[in-house]
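Have a look at the structure below, then the notes.
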Amino acid sequence: MVAERFPAPVDLDLRLVQCFAVVAEHQHFGRAAEALHTTQPSLSRQIRRLEQQVGVRLLDRTTRGTRLSEAGEVFLPQAQELLRTAVEAMARTRAAARPGSITIGYTKGLVITAAVRALRDRNPDAEVHTRLLAWNDSRGALLEHRVDAVVTRLPFPTDRLHVTVLYDEPRVLVVPRDHRLAGKESVTLGDIADEPIPHVRQSDPLLNAYWRLDPRPDGRPAPDGPLVEALEDKHELIAAGQAVAIGPPLDHATGLHPSLTTVPLRGVEPSQVVLATRTGDRSRLVTAFRKHAEALLTGTHRAGPIGTT
């Protein structure tokens, strides 16, 4: 009876699976070893051990780097799902042991103080933590249970999440203080038709297209700008006069480079500030924070829930 309910045990080391997933992502043993903070020979040994456990070759080395074998192509999505499931299993188990705790994430430029204070005031025995997240980490932080709720900006994939729009936020043009458009009351896309706009490396394509307004309403692609690694790199590039950018209305207190200024962008749909939680999370603290956020963090534009699949 037990044999029918449980599959035969499999000798599969999750640390080795993670090594394989990182090599597959970078397609290069050297770069993968740097990402894993290990040496290339050690990483090679770990991949060989995994291949011995699985019983097939998963990676092929070439003169240009590393590529997945046919078996590796099949194994990769299963490996990624296995790692996600393991992380979620541990996070759910730990959360069950501390039902009186919540971690609320937020991204740069968004203030959540009023809702957090209300939650603490009405739940004095609860552990209420806050965490600043990278601009592109909201979904991952939720699904990996690093946070229980996030106040952030769309767009991002909303499957497996419950997302409620709190308010609209205008998009602005970010330029150096000595730029020809600095100080204007507002500008249009026509004013920046030929201005290069940077790409952020490894950014979600949806997010990258949204903040570059690519393509433009007339169907033309946005002008290409330099490739940058992070938001801070983009601000340095703009400050040097090599590009402009479209972004949320940050100020110098919330992360805008001191050499930059913003100009209202007219004729462009606003971005949306949202509260996101995991679908089906019925924690009393998550429910309570949602109520406080909807009551205290809303702007003049309200909308109902979206993305509740």
Side-chain angles (χ1 to χ4, degrees), residues 104-114 116 130-141 147 150-156 166-216 221-274 276 297 299:
I104 302 161
Y106 64 100
T107 48
K108 187 175 288 187
L110 298 178
V111 179
I112 61 173
T113 308
V116 171
T130 58
R131 177 178 294 182
L132 178 64
L133 299 173
W135 58 275
N136 59 350
D137 191 33
S138 298
R139 175 181 166 81
V147 299
V150 176
V151 177
T152 187
R153 299 176 177 90
L154 288 176
F156 53 85
L166 298 176
Y167 57 90
D168 289 349
E169 188 181 62
R171 282 186 274 182
V172 300
L173 182 68
V174 184
V175 295
R177 289 181 175 275
D178 60 356
H179 192 274
R180 61 184 177 85
L181 298 175
K184 285 187 170 291
E185 288 188 7
S186 65
V187 294
T188 66
L189 288 177
D191 295 320
I192 59 168
D194 299 317
E195 295 276 2
I197 297 182
H199 290 269
V200 179
R201 188 189 298 274
Q202 295 184 345
S203 173
D204 179 271
L206 176 68
L207 202 59
N208 199 39
Y210 180 80
W211 287 108
R212 297 183 75 251
L213 284 169
D214 187 19
R216 296 293 164 81
D224 266 334
L227 191 66
V228 296
E229 299 291 336
L231 180 65
E232 291 74 17
D233 298 325
K234 182 164 70 171
H235 283 187
E236 285 290 346
L237 197 70
I238 299 167
Q242 295 182 275
V244 302
I246 297 165
L250 297 178
D251 58 28
H252 301 124
T254 55
L256 189 66
H257 190 289
S259 298
L260 303 180
T261 188
T262 62
V263 185
L265 191 55
R266 187 160 35 91
V268 172
E269 288 291 323
S271 66
Q272 293 180 314
V273 175
V274 301
L297 303 185

*From Ile192 CD1 over to Leu181 CG, what is the distance, rounded to the nearest 0.5 angstrom?*
8.0 Å

*Taking the side chain from His252 and the backbone from Leu260, do they hold a donor-acceptor pair closer than 3.5 Å?*
yes

*Does the Asp214 side chain pair with the main chain of Ala222, one donor and one acceptor, at a distance under 3.5 Å?*
yes

*Return the minimal non-hydrogen interatomic distance between Thr188 and Leu265, and the atom names on each side.*
C-CD1, 4.1 Å

*Do Val263 and His179 come within less than 4.5 Å of each other through their side chains, counting heavy atoms only?*
no

*Going from CZ on Phe156 to CG on Leu207, what distance comes out if it is rounded to the nearest 0.5 angstrom?*
9.5 Å

_Approximate separation, where rounding is to 0.5 Å, of Ile104 CD1 and Leu133 CG_ = 11.5 Å

*Please report the closest heavy-atom contact between Ser138 and Thr107, naming both atoms and the distance.*
OG-CG2, 3.8 Å

*asked:* For Tyr210 versus Glu269, what's the shortest heavy-atom pair and its separation?
replied: OH-O, 4.5 Å

_Contact summary for Leu250 and His235, nearest pair of heavy atoms_ = CD1-CE1, 4.4 Å

_I want to check something: taking the side chain as every heavy atom from C-beta on, are Arg180 and Glu195 in contact at a cut-off of under 4.5 Å?_
yes

_Ignoring hydrogens, what is the shortest heavy-atom contact between Trp211 and Ile246? Give both atom names and the distance._
O-CB, 3.2 Å

*How long is the span from the CD1 atom in Ile238 to the OG atom in Ser259, to the nearest 0.5 Å?*
11.5 Å

*Let me see the working for Glu169 and Leu110 under side-chain contact (heavy atoms from CB on, under 4.5 Å), right down to the final yes or no.*
CA-CA 11 Å; Glu169 188 181 62; Leu110 298 178; 3.8 Å; yes

*Side-chain contact, heavy-atom cut-off 4.5 Å: Thr152 with Arg139?*
no

*asked:* If I take atom CZ from residue Arg171 and atom OG from residue Ser271, how far apart are they, to the nearest 0.5 angstrom?
replied: 6.5 Å

*asked:* Could you check whether any side-chain heavy atom of Val150 comes within less than 4.5 Å of a side-chain heavy atom of Tyr106, counting everything from C-beta outward?
replied: no

*Nearest-0.5 Å distance, CG of residue Leu237 to NE2 of residue His257*: 11.0 Å

_Closer than 3.5 angstrom, by distance alone: can the side chain of Arg212 be matched with the main-chain N or O of Pro223 as a donor-acceptor pair?_
yes

_Shortest non-hydrogen contact from Gln242 toward Pro226_ = O-CD, 4.5 Å

*Candidate pair Val244 and Val174, rule side-chain contact (heavy atoms from CB on, under 4.5 Å), full reasoning*: CA-CA 6 Å; Val244 302; Val174 184; over 6 Å; no

